[in-house]
Amino acid sequence: MSYSFRCKDIGMNCGFEARADKQEELMPVIQAHAKGSHGINEITPDLMNKVKAAVKKA
Ligand SMILES: [Zn+2]
């Protein structure tokens with residue numbers, strides 16, 4: 001099983017996509033992308049919930 005995340009699923013106009021075997025591995029990748037590409041230095045609990053809801057298991 002793997003987990004995937006698409007930035008546009010949380011309402012961003014962005015083509016970023018991340019994939020990992022574990023959710024714990026996916027989060028740091030998303031965090032780094034949020035910081036590097038969107039200037040989001042801190043993932044708020046609200047944003048974290050949105051991200052988690054957008055993560056798909058495949
Ligand atoms: Zn993005």
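For the numbers below, each heavy atom of this structure counts, side chains included, while hydrogens, waters and symmetry mates do not. Numbers here simply count residues along the sequence, with the first being 1. Counting starts at 1 for both ligands and their atoms, following the listed order.
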N, O or S atoms of the protein lying under 2.8 Å from the Zn ion (ligand 1): Cys7 SG, Cys14 SG, His33 NE2, His38 NE2
Spacing of CD1 belonging to Ile30 relative to CD1 belonging to Ile40, to within rounding of 0.5 Å: 11.5 Å
Would you mind writing out the side-chain donor-acceptor pairs for residues 9-29 within the sub-3.5 Å range, not counting sequence neighbours?
{"from": "Asp9", "atom 1": "OD2", "to": "Lys56", "atom 2": "NZ", "distance (Å)": "3.0"}

Nearest-0.5 Å distance that lies between atom OG1 in Thr44 and atom NZ in Lys50: 8.5 Å
